[in-house]
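Since this is a predicted model, take the numbers as computed values, not measurements. Labels below follow one simple rule: chain letters A, B, ... track the order of the sequence lines, proteins then strands, and each chain is numbered from 1. Reckoned from all heavy atoms, side chains included, excluding hydrogens, waters and symmetry mates.
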Amino acid sequence: MSEIRTFQPQFQQQKPSEGQAYAPQPGGAPGPGGQMGDQSDSAIRAFLRARGNSALADGGFRALMVLCGFSIFGIVALIAIVLIYRSGLVWHNFGLRFFYTYDKDPATGQPLYWDPVNGHFSAVPFLYGTLVSSFLALLLAVPLAIGVAIFLTEMCPKMLRAPLAFLTELLAAIPSVIYGLWAVFILVPLLREHVNPLLSKGLGWTGLFTDDNPTGLGFVSAGIILAIMILPIISSLTREVMIAVPHSQREAVLALGATRWEMIRMGVLRNARIGIVGGVMLGLGRALGETMAVAMVIGNTAEIHRNLLANGASMASVIANEYAEATSDLHRSALTELGLALFIVTILVNALARLLVWAVTRGAPAQAH
Amino acid sequence: MPLSGNPIRSKIRAATDNAVTGLAILATLLVIAPLLAIFGYLIYKGASSVNLDFFTKIPKPVGEEGGGMANAIVGSAVLLALGTIIGVPVGIGGGIYLAEFGRGTKLANAVRFTADVLNGVPSIVMGMAAYALLVGPQVSWLPFLGHFSAFAGGVALGIMMIPTVCRTTEEMLLMVPHAVREAALGLGVPNWRSVLSITVKTASPGIITGCMLAFARVAGETAPLIFTALGNEYWSLDLNQPIAALPLQIYKYALSPYDEWHRLAWAGALVLIVLIVLSVSLVRYVTSRGVLKGAS
């Protein structure tokens with residue numbers, strides 16, 4: 001307590017001088033300020049003196065809050081350092097080749113992408129799986145998400161708007177593992193029995209859909225479940241940027257005689273497009289790193305197939321499956337390298353997405369939800 | 001601009017307009033459908049297995065009927081409590097920094113941006129980092145290190161809560177009018193007291209909302225727990241030991257070949273989703289009737 005009190009005169013010297021910027025000697029803080037403090041010993045001031053000054057407490061509090069804020073930098077830095085350190089072994093042994101080459105069986109010429117027991121490591125099949133499943137997810141989710149956003153912001157009766165928005169947001173609240181559970185027992189059998197044969201029959205000529213996988217797992221299953229998962233992110237951000245488009249834009253286009261769709265196309269979507277791209281990229285960021293649901297339905301074989309109905313593996317899924325039981329230091333290091341790559345890519349994608357969304361909504365008026 | 005008086009053209013325009021309206025409605029229905037399907041199946045498959053045993057018994061060995069997920073429910077509670085203890089104070093502190101001390105500064109913008117980006121880092125990477133920090137290294141004189149433990153899982157969950165809590169706290173604090181702060185400071189309340197007792201208190205419904213959202217988000221997280229908490233078939237409340245968690249158990253049981261375990265997985269998923277939907281709805285309810293709107 002005594003330590004805190006020593007700060008008290010300082011406090012009283014400064015405060016009055018700040019308040020009296022128009023006084024003849026504004027700069028002479030200690031002199032006149034101190035006198036002021038001594039002269040006007042009102043009840044409030046006496047009360048303040050009695051309860052002690054708080055410069056120390058204030059400083060400490062501020063420092064603590066700044067520390068909390070900066071801990072976020074610390075966390076990101078710590079993750080990066082730990083991952084770089086732990087993947088050093090693979091970086092030392094393979095370098096960048098880890099990401100674009102793979103071993104081949106000298107006898108048969110068959111690729112040996114990933115064989116931890118015999119020391120073959122390559123990120124290629126996992127990069128392929130992650131990219132293909134995420135791309136499929138975007139292909140399915142983006143048109144739907146934009147459609148939902150258009151419906152909710154421009155067409156929907158006011159009464160339905162809040163409940164529908166809540167329902168789409170609820171989709172974002174469902175945990176990944178529950179999506180996976182549902183996919184394993186409901187979606188995959190459905191695809192296996194009804195959809196995959198159709199895809200194979202109708203689009204088999206492209207070579208992308210050959211129904212020779214009895215499990216029903218694979219890239220298509222993963223892409224569909226990912227699409228459902230990233231939809232709410234894309235649609236809620238698209239909605240946000242569409243709401244941010246000023247009403248005058250809509251009114252201007254309508255006044256020129258446009259139909260509602262023309263108004264949406266020319267007045268809203270055109271103005272919101274950068275933000276929508278940002279939303280799509282956020283969805284991509286989520287799709288790239290999504291783990292549990294993908295691990296449960298992609299099939300988990302480190303192979304590359306042009307056939308989208310075949311089994312595959314993604315970066316996140318192989319980490320989830322193998323990291324806890326990694327057989328050797330090199331194996332664990334290779335998985336960590338995959339995690340590091342995922343970390344860097346998702347950070348870049350998210351950063352870019354945030355910048356795009358921010359660029360659009362920055363000047364927007366307070367949004368009425 | 002297509003403003004011609006051509007009747008065919010305006011018919012095409014009207015038809016396009018209708019078609020787009022139809023497509024937008026179709027898209028909305030297509031999005032709602034999986035949601036209903038997921039909830040429908042969770043109730044259909046899970047409800048029959050949610051009974052008293054489910055909440056009071058631990059899993060039976062393979063081949064035996066019955067058993068429950070009591071250990072996983074309690075384990076999840078332990079992990080979430082630990083995560084909340086770690087994540088919420090730091091997150092709120094960070095939010096206070098952004099809204100009260102760093103407002104408008106470049107440094108605060110950088111913190112805000114980093115928080116948003118950290119929010120997008122895949123949870124599996126978080127788990128991996130937690131493993132590399134807490135499970136991998138062997139330091140004999142420090143507790144909790146060097147093996148799978150509930151502690152490591154809780155830390156991973158706590159770190160994942162920080163960005164969400166931080167950003168919602170900031171948003172809520174920014175909505176508190178300046179006059180309130182000035183009134184407090186004008187009465188001679190020290191700044192720290194004004195922030196905690198006036199500003200934060202005013203915004204507390206919104207801040208609690210943010211915490212609950214973060215809680216609901218990590219409650220279902222599996223990926224960061226696979227190589228930290230690991231899972232456990234038995235009762236354990238020891239922070240120093242592997243611990244069961246509901247999402248982990250669902251994952252394991254869903255991929256098992258046993259019908260009995262599938263049944264438990266559905267029941268577990270139903271319990272988990274009810275927990276999450278309840279907290280999200282509560283948040284909705286509180287924010288829609290409170291003064292402070294805007295949390296979503």
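A side-chain donor-acceptor contact under 3.5 Å links B:Asp17 to the backbone of A:Trp261. Remark: the backbone N or O of A:Asp58 is not paired with any side-chain donor or acceptor of B:Asn191 at under 3.5 angstrom.
Taking B:Val280, B:Ile25, B:Thr16 one by one and counting their heavy-atom pairs under 4.5 Å with chain A, the maximum is reached by B:Ile25. The candidate from A:Ala316, A:Ala145, A:Gly69 with the greatest count of non-hydrogen atom pairs under 4.5 Å with chain B is A:Gly69. Considering only heavy-atom pairs separated by less than 4.5 Å from chain B, the leading option among A:Leu181, A:Val148, A:Val82 is A:Leu181. The greatest number of non-hydrogen atom pairs below 4.5 Å with chain B, out of A:Ile150, A:Ile186, A:Ile79, is found for A:Ile186. Highest contact tally toward chain A, considering only B:Leu133, B:Leu26, B:Leu98, B:Leu29, is held by B:Leu133 [criterion: heavy-atom pairs under 4.5 Å]. Counting heavy-atom pairs under 4.5 Å between each of A:Thr168, A:Leu338, A:Ile174, A:Leu152 and chain B puts A:Ile174 at the top. The greatest number of non-hydrogen atom pairs below 4.5 Å with chain A, out of B:Leu23, B:Ile92, B:Val125, B:Val277, is found for B:Val125. Chain A forms more heavy-atom pairs under 4.5 Å with one residue of B:Tyr253, B:Tyr251, B:Phe148, B:Phe39 than with any other, namely B:Tyr251. Comparing B:Leu107, B:Ile38, B:Leu255 by how many heavy-atom pairs each has under 4.5 Å with chain A, the most go to B:Ile38. For the options A:Cys156, A:Gly285, A:Ala320, heavy-atom pairs under 4.5 Å to chain B are most numerous at A:Ala320.
Contact annotation for A:Leu170: both backbone and side-chain heavy atoms come within less than 4.5 Å of a heavy atom of chain B. For chain B, the nearby parts of A:Leu144 are the backbone and the side chain; heavy atoms of each come within less than 4.5 Å. For a residue to count as touching a neighbouring chain, one of its non-hydrogen atoms must lie under 4.5 Å from one of that chain's; by this rule A:Tyr85 does not touch chain B. If you measure heavy-atom distances from B:Pro137 to chain A, the contacts under 4.5 Å come from both the backbone and the side chain. For B:Ala130, no part lies under 4.5 angstrom from a heavy atom of chain A. Of the atoms belonging to A:Thr336, heavy atoms from both backbone and side chain fall under 4.5 Å from chain B. Interface remark: A:Arg86 contributes side-chain atoms only to the contact with chain B (heavy atom separation under 4.5 Å). For A:Ile72, the parts sitting under 4.5 Å from any heavy atom of chain B are the backbone and the side chain alike. For B:Phe113, the part sitting under 4.5 Å from any heavy atom of chain A is the side chain, from C-beta outward, and nothing else. Heavy atoms closer than 4.5 Å to chain B are found in the side chain of A:Ile75, but not in its backbone. Residue contact with chain B, scored on non-hydrogen atoms closer than 4.5 Å, involves the side chain of A:Leu83 exclusively. Interface remark: B:Ala219 contributes no atoms to any contact with chain A (heavy atom separation under 4.5 Å). Residue A:Ile264: no heavy atom, backbone or side chain, is found under 4.5 Å from chain B.
Contact check for B:Pro122 versus A:Leu288: no side-chain heavy atoms found under the 4.5 Å cut-off. Looking only at side-chain heavy atoms (C-beta outward), A:Met65 and B:Glu100 stay at 4.5 Å or farther from each other. No side-chain heavy atom of A:Pro175 sits less than 4.5 Å from a side-chain heavy atom of B:Thr222. Contact check for B:Ile124 versus A:Tyr323: no side-chain heavy atoms found under the 4.5 Å cut-off. In this structure, B:Phe227 and A:Glu325 have side chains that are not in contact, with every pair of non-hydrogen atoms separated by 4.5 Å or more. Side-chain contact between A:Val76 and B:Val117: absent, with no pair of heavy atoms (C-beta onward) separated by less than 4.5 Å.
Residues B:Val90 and A:Ser71 come closest through the heavy atom pair CG1-OG, 3.3 Å. A:Gly147 and B:Ala24 make their closest contact through O-CB, 3.7 Å (heavy atoms, listed as atom of the first residue, atom of the second, distance). Here the shortest heavy-atom pairing between A:Gly339 and B:Met128 reads CA-SD, 3.8 Å. The heavy-atom pair separating A:Phe166 from B:Ser281 by the smallest distance is CZ-OG, 3.9 Å. Summarising the geometry of B:Pro247 relative to A:Val177, their closest heavy-atom pair is O-CG2, 3.7 Å, with the distance given to 0.1 Å. Summarising the geometry of A:Cys68 relative to B:Gly94, their closest heavy-atom pair is CB-N, 3.3 Å, with the distance given to 0.1 Å.
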>> If you apply the rule side-chain contact (heavy atoms from CB on, under 4.5 Å), what do you find for B:Val195 with A:Phe61, and how did you get there?
In response: CA-CA 10 Å; B:Val195 168; A:Phe61 180 68; 3.8 Å; yes
> Where do A:Ile178 and B:Ile273 land on the side-chain contact (heavy atoms from CB on, under 4.5 Å) test, with the steps shown first?
Replying inline: CA-CA 8 Å; A:Ile178 292 186; B:Ile273 201 79; 4.0 Å; yes
> For B:Met126 and A:Phe343, what are the C-alpha separation, side-chain angles and deciding distance, and is it a side-chain contact (heavy atoms from CB on, under 4.5 Å)?
Replying inline: CA-CA 9 Å; B:Met126 291 288 199; A:Phe343 178 67; over 6 Å; no
>> Before you tell me yes or no, could you show the steps for B:Ile32 and A:Leu164 under side-chain contact (heavy atoms from CB on, under 4.5 Å), namely the whole-Å CA-CA distance, both residues' side-chain angles and the distance that decides it to 0.1 Å?
In response: CA-CA 8 Å; B:Ile32 303 297; A:Leu164 282 178; 4.1 Å; yes
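One distance of note links CD of A:Glu169 with CG of B:Leu35; it measures 12.0 Å at 0.5 Å rounding. Taking CG from A:Asn350 and OG1 from B:Thr114, the interatomic distance works out to 12.0 Å, rounded to the nearest 0.5 Å. The structure places OG of B:Ser123 at 6.5 Å from CD of A:Glu290, a figure rounded to the nearest 0.5 Å.
Aromatic ring pairs are classed by plane angle as parallel below 30°, tilted from 30° to 60° and perpendicular above 60°; the pair A:Phe185 and B:Trp266 is tilted.
The residue from A:Arg260, A:Met155, A:Arg265 that alone fulfils the side-chain contact (heavy atoms from CB on, under 4.5 Å) condition with B:Val20 is A:Met155.
In A:Asp329, the CG atom is not crowded: 12 or fewer heavy atoms of neighbouring residues, nucleotides or ligands sit closer than 6.0 Å.
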